[in-house]
Amino acid sequence: MVLTKKIHNFSAGPAILPQEVLKEAAEGILDFTKGLSILEISHRSKEFEAVLEEAKSLVKELLGVPDGYSILFLHGGARLQFVMAPLNQLTVNGYAAYVNTGTWATGAIKEAKIIGKVNVIASSEDKKFTYIPKGFTIPADADYLHLTSNNTVYGTQYRQLLESPVPVICDMSSDIMSRKINVSKFALIYAGAQKNMGPAGTTLVIIKNDFIKDPGRTVPTMMSYKIHVENNSLYNTPSVYAIFVCMLTMRWLKKVGGVEYIEKKNREKADYLYAEVDRNPLFRGVTVKEDRSVMNATFVLSKPELETTFNQMASEAGLSGIKGHRSVGGYRASLYNALPFESVKALVEVMQEFERKKG
Ligand SMILES: *Cc1c(COP(=O)(O)O)cnc(C)c1O
(Lines give C-alpha, C1' and ligand atoms only; values in the text may rest on other atoms or scores of the structure.)
Protein backbone atom coordinates (compact mmCIF):
# COMPACT_ATOMS: atom_id res chain seq x y z
CA MET A 1 0.00 0.00 0.00
CA VAL A 2 1.40 3.39 -0.95
CA LEU A 3 0.10 6.63 0.50
CA THR A 4 0.00 9.29 -2.15
CA LYS A 5 -0.20 12.20 0.25
CA LYS A 6 1.90 12.81 3.35
CA ILE A 7 -0.33 12.81 6.41
CA HIS A 8 0.75 14.88 9.38
CA ASN A 9 -0.72 13.09 12.38
CA PHE A 10 -1.43 15.42 15.33
CA SER A 11 -3.79 12.99 17.05
CA ALA A 12 -4.03 13.28 20.84
CA GLY A 13 -4.16 9.53 21.33
CA PRO A 14 -3.92 6.84 20.21
CA ALA A 15 -1.25 8.80 18.46
CA ILE A 16 1.51 8.79 15.89
CA LEU A 17 4.15 6.06 16.01
CA PRO A 18 7.42 6.04 14.04
CA GLN A 19 7.03 4.58 10.52
CA GLU A 20 9.82 2.05 11.14
CA VAL A 21 8.06 0.86 14.30
CA LEU A 22 4.85 0.31 12.35
CA LYS A 23 6.76 -1.78 9.80
CA GLU A 24 8.40 -3.91 12.47
CA ALA A 25 5.06 -4.25 14.27
CA ALA A 26 3.49 -5.49 11.02
CA GLU A 27 6.33 -7.98 10.47
CA GLY A 28 5.86 -9.29 14.01
CA ILE A 29 2.26 -10.14 13.20
CA LEU A 30 3.28 -12.21 10.18
CA ASP A 31 6.45 -13.83 11.45
CA PHE A 32 7.79 -13.12 14.89
CA THR A 33 9.63 -16.34 15.61
CA LYS A 34 10.02 -19.61 13.66
CA GLY A 35 7.11 -18.76 11.40
CA LEU A 36 4.79 -17.94 14.29
CA SER A 37 3.03 -14.63 14.77
CA ILE A 38 3.53 -12.61 17.97
CA LEU A 39 -0.26 -12.94 18.21
CA GLU A 40 -0.12 -16.71 18.49
CA ILE A 41 2.61 -17.53 20.97
CA SER A 42 2.31 -18.12 24.70
CA HIS A 43 2.83 -15.21 27.03
CA ARG A 44 4.94 -17.66 29.04
CA SER A 45 7.15 -18.61 26.09
CA LYS A 46 10.80 -17.67 26.30
CA GLU A 47 10.34 -15.52 23.18
CA PHE A 48 7.74 -13.33 24.85
CA GLU A 49 9.64 -13.35 28.10
CA ALA A 50 12.53 -11.78 26.16
CA VAL A 51 10.18 -9.06 24.84
CA LEU A 52 8.89 -8.27 28.33
CA GLU A 53 12.38 -8.19 29.82
CA GLU A 54 13.66 -5.92 27.06
CA ALA A 55 10.65 -3.60 27.44
CA LYS A 56 11.30 -3.37 31.18
CA SER A 57 14.99 -2.78 30.75
CA LEU A 58 14.35 -0.07 28.14
CA VAL A 59 11.98 1.72 30.55
CA LYS A 60 14.67 1.48 33.22
CA GLU A 61 17.37 2.77 30.94
CA LEU A 62 15.41 5.52 29.15
CA LEU A 63 13.92 6.97 32.34
CA GLY A 64 16.83 6.18 34.64
CA VAL A 65 14.65 4.15 37.02
CA PRO A 66 16.71 3.50 40.18
CA ASP A 67 16.90 0.16 42.00
CA GLY A 68 14.03 -0.54 44.37
CA TYR A 69 11.29 0.07 41.76
CA SER A 70 9.18 -2.45 39.85
CA ILE A 71 8.08 -1.94 36.26
CA LEU A 72 4.70 -3.35 35.24
CA PHE A 73 2.67 -3.49 32.04
CA LEU A 74 -0.98 -3.77 33.03
CA HIS A 75 -4.39 -3.74 31.38
CA GLY A 76 -7.21 -1.27 31.85
CA GLY A 77 -5.63 1.98 30.73
CA ALA A 78 -4.72 4.97 32.87
CA ARG A 79 -8.33 5.06 34.02
CA LEU A 80 -7.96 1.77 35.84
CA GLN A 81 -5.01 3.33 37.69
CA PHE A 82 -7.41 6.07 38.85
CA VAL A 83 -8.98 3.27 40.97
CA MET A 84 -6.05 0.96 41.55
CA ALA A 85 -3.84 3.67 43.04
CA PRO A 86 -6.25 4.61 45.87
CA LEU A 87 -7.43 1.03 46.34
CA ASN A 88 -3.86 -0.01 47.17
CA GLN A 89 -2.38 3.16 48.62
CA LEU A 90 -5.16 5.13 50.32
CA THR A 91 -5.46 3.75 53.83
CA VAL A 92 -8.85 3.12 55.38
CA ASN A 93 -8.38 5.82 58.02
CA GLY A 94 -6.17 8.15 56.02
CA TYR A 95 -6.72 10.58 53.16
CA ALA A 96 -5.07 11.43 49.87
CA ALA A 97 -4.20 14.88 48.49
CA TYR A 98 -5.09 15.58 44.86
CA VAL A 99 -4.38 18.53 42.58
CA ASN A 100 -7.07 19.16 40.01
CA THR A 101 -5.57 20.41 36.76
CA GLY A 102 -8.11 19.20 34.23
CA THR A 103 -10.31 16.49 32.82
CA TRP A 104 -8.07 13.56 33.75
CA ALA A 105 -7.23 14.83 37.22
CA THR A 106 -10.97 15.31 37.79
CA GLY A 107 -11.50 11.70 36.74
CA ALA A 108 -8.80 10.49 39.13
CA ILE A 109 -10.38 12.45 42.00
CA LYS A 110 -13.82 11.05 41.28
CA GLU A 111 -12.58 7.46 41.42
CA ALA A 112 -10.43 8.00 44.52
CA LYS A 113 -13.50 9.37 46.33
CA ILE A 114 -15.25 6.05 45.74
CA ILE A 115 -12.43 4.35 47.64
CA GLY A 116 -11.71 6.73 50.51
CA LYS A 117 -11.14 10.24 51.78
CA VAL A 118 -9.77 12.78 49.31
CA ASN A 119 -8.68 16.39 49.83
CA VAL A 120 -8.37 18.49 46.68
CA ILE A 121 -5.58 20.77 47.87
CA ALA A 122 -5.33 22.91 44.72
CA SER A 123 -7.30 23.37 41.51
CA SER A 124 -7.28 25.47 38.36
CA GLU A 125 -10.95 24.81 37.67
CA ASP A 126 -11.75 28.48 38.45
CA LYS A 127 -10.12 29.49 35.16
CA LYS A 128 -11.13 26.52 33.05
CA PHE A 129 -7.88 24.68 33.74
CA THR A 130 -5.79 27.17 31.77
CA TYR A 131 -2.96 27.23 34.29
CA ILE A 132 -1.08 25.05 36.79
CA PRO A 133 -1.80 25.96 40.44
CA LYS A 134 1.28 27.08 42.35
CA GLY A 135 2.34 27.96 45.87
CA PHE A 136 -0.02 25.59 47.69
CA THR A 137 1.00 23.62 50.74
CA ILE A 138 1.16 19.85 50.57
CA PRO A 139 -0.10 18.37 53.85
CA ALA A 140 2.50 16.22 55.57
CA ASP A 141 -0.03 13.69 56.89
CA ALA A 142 -1.64 12.66 53.59
CA ASP A 143 -1.09 9.07 52.41
CA TYR A 144 0.07 10.46 49.08
CA LEU A 145 -0.13 13.38 46.68
CA HIS A 146 -1.65 12.74 43.23
CA LEU A 147 -0.60 14.83 40.23
CA THR A 148 -1.27 14.79 36.50
CA SER A 149 1.97 15.91 34.87
CA ASN A 150 0.49 16.97 31.53
CA ASN A 151 -3.06 17.99 30.82
CA THR A 152 -3.77 16.44 27.49
CA VAL A 153 -7.14 18.14 27.01
CA TYR A 154 -6.39 21.75 28.03
CA GLY A 155 -2.70 21.84 27.11
CA THR A 156 -0.96 22.70 30.37
CA GLN A 157 2.02 20.95 31.95
CA TYR A 158 4.05 21.11 35.14
CA ARG A 159 7.44 22.61 34.31
CA GLN A 160 8.85 22.08 37.76
CA LEU A 161 8.75 19.03 39.97
CA LEU A 162 7.05 19.65 43.29
CA GLU A 163 8.98 18.92 46.43
CA SER A 164 6.59 16.83 48.49
CA PRO A 165 6.74 15.63 52.09
CA VAL A 166 4.51 12.67 51.15
CA PRO A 167 4.86 10.03 48.39
CA VAL A 168 3.89 11.33 44.95
CA ILE A 169 1.68 9.40 42.52
CA CYS A 170 1.76 10.85 39.02
CA ASP A 171 -0.36 10.22 35.94
CA MET A 172 2.17 10.73 33.13
CA SER A 173 0.02 9.30 30.33
CA SER A 174 0.62 12.11 27.89
CA ASP A 175 4.22 13.09 28.56
CA ILE A 176 5.96 9.90 29.64
CA MET A 177 9.39 9.68 27.98
CA SER A 178 9.04 13.16 26.48
CA ARG A 179 11.47 14.70 28.95
CA LYS A 180 13.89 13.76 31.65
CA ILE A 181 12.34 13.12 35.02
CA ASN A 182 13.80 12.16 38.36
CA VAL A 183 11.98 8.90 39.05
CA SER A 184 13.27 8.79 42.63
CA LYS A 185 10.94 11.72 43.41
CA PHE A 186 7.91 9.52 42.68
CA ALA A 187 6.44 6.57 44.53
CA LEU A 188 4.19 5.55 41.65
CA ILE A 189 4.10 6.63 38.01
CA TYR A 190 1.48 5.38 35.58
CA ALA A 191 0.90 6.03 31.91
CA GLY A 192 -1.47 4.63 29.30
CA ALA A 193 0.87 3.66 26.46
CA GLN A 194 -1.18 5.08 23.60
CA LYS A 195 -0.07 8.72 23.78
CA ASN A 196 3.69 8.67 23.71
CA MET A 197 5.09 5.18 24.02
CA GLY A 198 3.11 2.70 21.96
CA PRO A 199 -0.36 1.53 21.01
CA ALA A 200 -3.47 1.35 23.17
CA GLY A 201 -3.90 -1.75 25.30
CA THR A 202 -1.28 -1.55 28.00
CA THR A 203 -0.40 0.80 30.83
CA LEU A 204 3.07 1.34 32.19
CA VAL A 205 3.29 1.33 35.97
CA ILE A 206 6.51 2.16 37.80
CA ILE A 207 6.15 1.58 41.52
CA LYS A 208 8.57 1.95 44.40
CA ASN A 209 8.67 -1.42 46.12
CA ASP A 210 8.56 -0.07 49.65
CA PHE A 211 5.53 2.09 48.77
CA ILE A 212 3.43 -1.05 48.39
CA LYS A 213 1.64 -1.44 51.67
CA ASP A 214 -1.44 -2.91 53.25
CA PRO A 215 -4.18 -0.27 52.95
CA GLY A 216 -6.35 -2.05 55.53
CA ARG A 217 -8.88 -3.36 53.02
CA THR A 218 -9.13 -6.41 50.84
CA VAL A 219 -7.87 -5.58 47.38
CA PRO A 220 -9.24 -7.79 44.57
CA THR A 221 -6.43 -9.90 43.14
CA MET A 222 -6.39 -8.33 39.67
CA MET A 223 -6.23 -4.85 41.24
CA SER A 224 -3.32 -5.58 43.55
CA TYR A 225 0.08 -4.03 42.78
CA LYS A 226 1.62 -6.61 45.11
CA ILE A 227 0.24 -9.49 43.03
CA HIS A 228 1.33 -7.97 39.72
CA VAL A 229 4.83 -7.26 41.06
CA GLU A 230 5.17 -10.79 42.46
CA ASN A 231 4.07 -12.22 39.12
CA ASN A 232 6.13 -9.89 36.90
CA SER A 233 3.01 -8.63 35.00
CA LEU A 234 2.19 -12.24 34.17
CA TYR A 235 -0.51 -12.98 36.76
CA ASN A 236 -2.95 -13.14 33.88
CA THR A 237 -2.30 -12.91 30.14
CA PRO A 238 -0.82 -9.48 29.53
CA SER A 239 -1.36 -7.39 26.38
CA VAL A 240 1.31 -9.27 24.51
CA TYR A 241 1.10 -7.31 21.28
CA ALA A 242 0.85 -3.87 22.87
CA ILE A 243 3.90 -4.61 25.03
CA PHE A 244 5.76 -5.78 21.93
CA VAL A 245 5.00 -2.54 20.08
CA CYS A 246 5.97 -0.48 23.17
CA MET A 247 9.28 -2.31 23.17
CA LEU A 248 9.81 -1.48 19.49
CA THR A 249 8.94 2.18 20.14
CA MET A 250 11.38 2.37 23.04
CA ARG A 251 14.09 0.73 20.90
CA TRP A 252 13.48 3.50 18.37
CA LEU A 253 13.68 6.16 21.06
CA LYS A 254 16.95 4.77 22.35
CA LYS A 255 18.36 4.61 18.82
CA VAL A 256 17.55 8.23 17.97
CA GLY A 257 19.21 9.49 21.15
CA GLY A 258 17.01 8.73 24.13
CA VAL A 259 14.89 10.98 26.30
CA GLU A 260 17.45 13.79 26.53
CA TYR A 261 17.55 14.07 22.73
CA ILE A 262 13.80 13.84 22.26
CA GLU A 263 13.23 16.46 24.97
CA LYS A 264 15.23 18.96 22.93
CA LYS A 265 13.35 18.03 19.75
CA ASN A 266 9.99 18.30 21.53
CA ARG A 267 10.93 21.76 22.83
CA GLU A 268 11.90 22.90 19.34
CA LYS A 269 8.57 21.73 17.91
CA ALA A 270 6.54 23.37 20.68
CA ASP A 271 8.50 26.65 20.54
CA TYR A 272 8.09 26.85 16.79
CA LEU A 273 4.34 26.34 16.93
CA TYR A 274 3.65 28.59 19.93
CA ALA A 275 5.74 31.36 18.30
CA GLU A 276 3.34 31.29 15.35
CA VAL A 277 0.26 31.16 17.61
CA ASP A 278 1.56 34.31 19.35
CA ARG A 279 2.66 36.09 16.17
CA ASN A 280 -0.27 35.36 13.90
CA PRO A 281 -3.19 37.73 14.59
CA LEU A 282 -5.70 35.07 13.46
CA PHE A 283 -4.76 32.75 16.35
CA ARG A 284 -4.71 32.93 20.10
CA GLY A 285 -3.31 30.57 22.71
CA VAL A 286 -5.71 29.53 25.47
CA THR A 287 -3.39 28.63 28.34
CA VAL A 288 -1.04 30.67 30.53
CA LYS A 289 2.29 30.94 28.68
CA GLU A 290 4.53 29.66 31.45
CA ASP A 291 2.38 26.54 31.87
CA ARG A 292 2.03 25.66 28.20
CA SER A 293 2.31 21.99 27.37
CA VAL A 294 5.15 20.84 25.15
CA MET A 295 3.03 17.83 24.17
CA ASN A 296 -0.44 19.26 23.44
CA ALA A 297 -0.57 22.79 22.04
CA THR A 298 -4.03 24.30 22.26
CA PHE A 299 -5.20 27.42 20.41
CA VAL A 300 -8.32 29.07 19.01
CA LEU A 301 -9.15 31.30 16.07
CA SER A 302 -9.48 34.99 16.83
CA LYS A 303 -12.29 35.03 14.22
CA PRO A 304 -14.25 31.83 14.92
CA GLU A 305 -16.39 32.45 11.83
CA LEU A 306 -13.38 31.47 9.71
CA GLU A 307 -13.32 27.96 11.14
CA THR A 308 -14.61 26.20 8.05
CA THR A 309 -11.99 27.87 5.86
CA PHE A 310 -9.13 26.99 8.18
CA ASN A 311 -10.34 23.41 8.60
CA GLN A 312 -10.48 22.98 4.86
CA MET A 313 -7.00 24.39 4.31
CA ALA A 314 -5.64 22.16 7.07
CA SER A 315 -7.23 19.08 5.63
CA GLU A 316 -5.97 19.86 2.12
CA ALA A 317 -2.45 20.10 3.50
CA GLY A 318 -2.77 16.63 5.06
CA LEU A 319 -3.03 17.86 8.64
CA SER A 320 -4.90 15.29 10.68
CA GLY A 321 -6.19 15.33 14.25
CA ILE A 322 -5.88 19.04 15.12
CA LYS A 323 -9.47 19.49 16.25
CA GLY A 324 -9.66 20.37 19.95
CA HIS A 325 -11.08 17.97 22.52
CA ARG A 326 -14.87 17.80 22.33
CA SER A 327 -15.11 19.40 25.80
CA VAL A 328 -13.11 22.56 24.96
CA GLY A 329 -13.32 23.13 21.20
CA GLY A 330 -10.74 25.11 19.21
CA TYR A 331 -7.60 23.33 18.11
CA ARG A 332 -5.10 21.02 19.70
CA ALA A 333 -1.92 19.90 18.01
CA SER A 334 -0.33 16.99 19.81
CA LEU A 335 3.42 17.02 19.37
CA TYR A 336 4.39 13.62 20.75
CA ASN A 337 7.86 12.07 20.39
CA ALA A 338 7.21 10.44 17.02
CA LEU A 339 5.87 13.60 15.35
CA PRO A 340 8.59 14.97 13.05
CA PHE A 341 9.47 18.67 12.97
CA GLU A 342 8.37 18.82 9.33
CA SER A 343 4.79 18.16 10.43
CA VAL A 344 4.89 21.21 12.72
CA LYS A 345 6.35 23.20 9.84
CA ALA A 346 3.48 22.06 7.62
CA LEU A 347 0.96 23.26 10.24
CA VAL A 348 2.71 26.62 10.64
CA GLU A 349 2.77 27.06 6.84
CA VAL A 350 -1.00 26.55 6.72
CA MET A 351 -1.45 29.10 9.53
CA GLN A 352 0.64 31.62 7.57
CA GLU A 353 -1.18 30.93 4.32
CA PHE A 354 -4.46 31.40 6.21
CA GLU A 355 -3.24 34.80 7.42
CA ARG A 356 -2.30 35.87 3.87
CA LYS A 357 -5.78 34.92 2.65
CA LYS A 358 -7.93 36.10 5.53
CA GLY A 359 -5.85 38.35 7.78
C1 LIG B 1 -5.57 9.78 27.83
C2 LIG B 1 -5.34 10.01 29.27
C3 LIG B 1 -5.94 9.20 30.25
C4 LIG B 1 -6.91 8.08 29.92
O5 LIG B 1 -6.19 6.99 29.51
P6 LIG B 1 -6.91 5.58 29.20
O7 LIG B 1 -5.73 4.73 28.89
O8 LIG B 1 -7.84 5.79 28.06
O9 LIG B 1 -7.61 5.15 30.43
C10 LIG B 1 -5.66 9.47 31.57
N11 LIG B 1 -4.83 10.47 31.93
C12 LIG B 1 -4.23 11.26 31.02
C13 LIG B 1 -3.33 12.36 31.46
C14 LIG B 1 -4.47 11.06 29.66
O15 LIG B 1 -3.89 11.85 28.75
Side-chain angles (χ1 to χ4, degrees), residues 9-17 72-87 96 98-114 120 123-125 129-133 145-159 161-162 168-179 181 186 188-206 222-223 228 233 238-239 241-243 245-246 249 266 270 287 291-298 321 323-328 332-339:
N9 184 2
F10 293 94
S11 171
I16 184 167
L17 290 169
L72 304 172
F73 287 93
L74 304 181
H75 292 278
R79 273 193 187 272
L80 186 63
Q81 296 308 308
F82 292 177
V83 196
M84 247 176 101
L87 200 52
Y98 276 68
V99 179
N100 191 359
T101 45
T103 307
W104 298 116
T106 304
I109 291 164
K110 178 173 165 241
E111 297 302 306
K113 281 182 173 167
I114 297 171
V120 178
S123 171
S124 49
E125 195 174 7
F129 300 115
T130 52
Y131 70 103
I132 297 286
L145 167 71
H146 183 281
L147 304 172
T148 311
S149 56
N150 180 67
N151 303 287
T152 330
V153 173
Y154 295 89
T156 61
Q157 187 177 27
Y158 287 88
R159 285 271 151 286
L161 270 176
L162 297 179
V168 180
I169 297 181
C170 191
D171 176 359
M172 293 193 190
S173 294
S174 51
D175 65 357
I176 188 89
M177 294 188 185
S178 70
R179 58 174 172 177
I181 51 162
F186 300 92
L188 169 60
I189 292 168
Y190 62 88
Q194 70 274 16
K195 309 275 166 60
N196 211 26
M197 61 173 295
T202 190
T203 307
L204 172 66
V205 171
I206 303 172
M222 264 301 281
M223 309 277 265
H228 288 297
S233 304
S239 289
Y241 190 63
I243 295 168
V245 180
C246 284
T249 309
N266 288 336
T287 57
D291 299 328
R292 280 173 166 176
S293 168
V294 170
M295 291 280 97
N296 312 94
T298 49
K323 203 166 146 37
H325 189 270
R326 55 197 149 77
S327 63
V328 289
R332 170 177 54 172
S334 295
L335 313 173
Y336 298 126
N337 287 354
L339 185 87

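Atoms within each ligand, like the ligands themselves, are counted from 1 in listed order.
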For a side chain to side chain contact (heavy atoms under 4.5 Å, CB included) check, start with the C-alpha distance between T103 and V328, then their side-chain angles and the critical distance, and finish with the verdict. CA-CA 10 Å; T103 307; V328 289; over 6 Å; no
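N151 has its side chain out of reach of S293: every pair of non-hydrogen atoms, C-beta onward, lies at least 4.5 Å apart. Using a 4.5 Å heavy-atom cutoff, the side chains of S174 and Y336 are in contact. Annotation: side chain of T152 is not in contact with side chain of S173 (no heavy-atom distance under 4.5 Å).
Aromatic ring orientation, H146 versus Y190: tilted (interplanar angle from 30° to 60°).
Near ligand 1, heavy-atom contacts under 4.0 Å come from G77, A78, R79, F82, W104, T148, N150, T152, D171, S173, S174, Q194, K195.
No donor-acceptor distance shorter than 3.5 angstrom exists from the side chain of T287 to the backbone of R292, with no hydrogens or angles considered.
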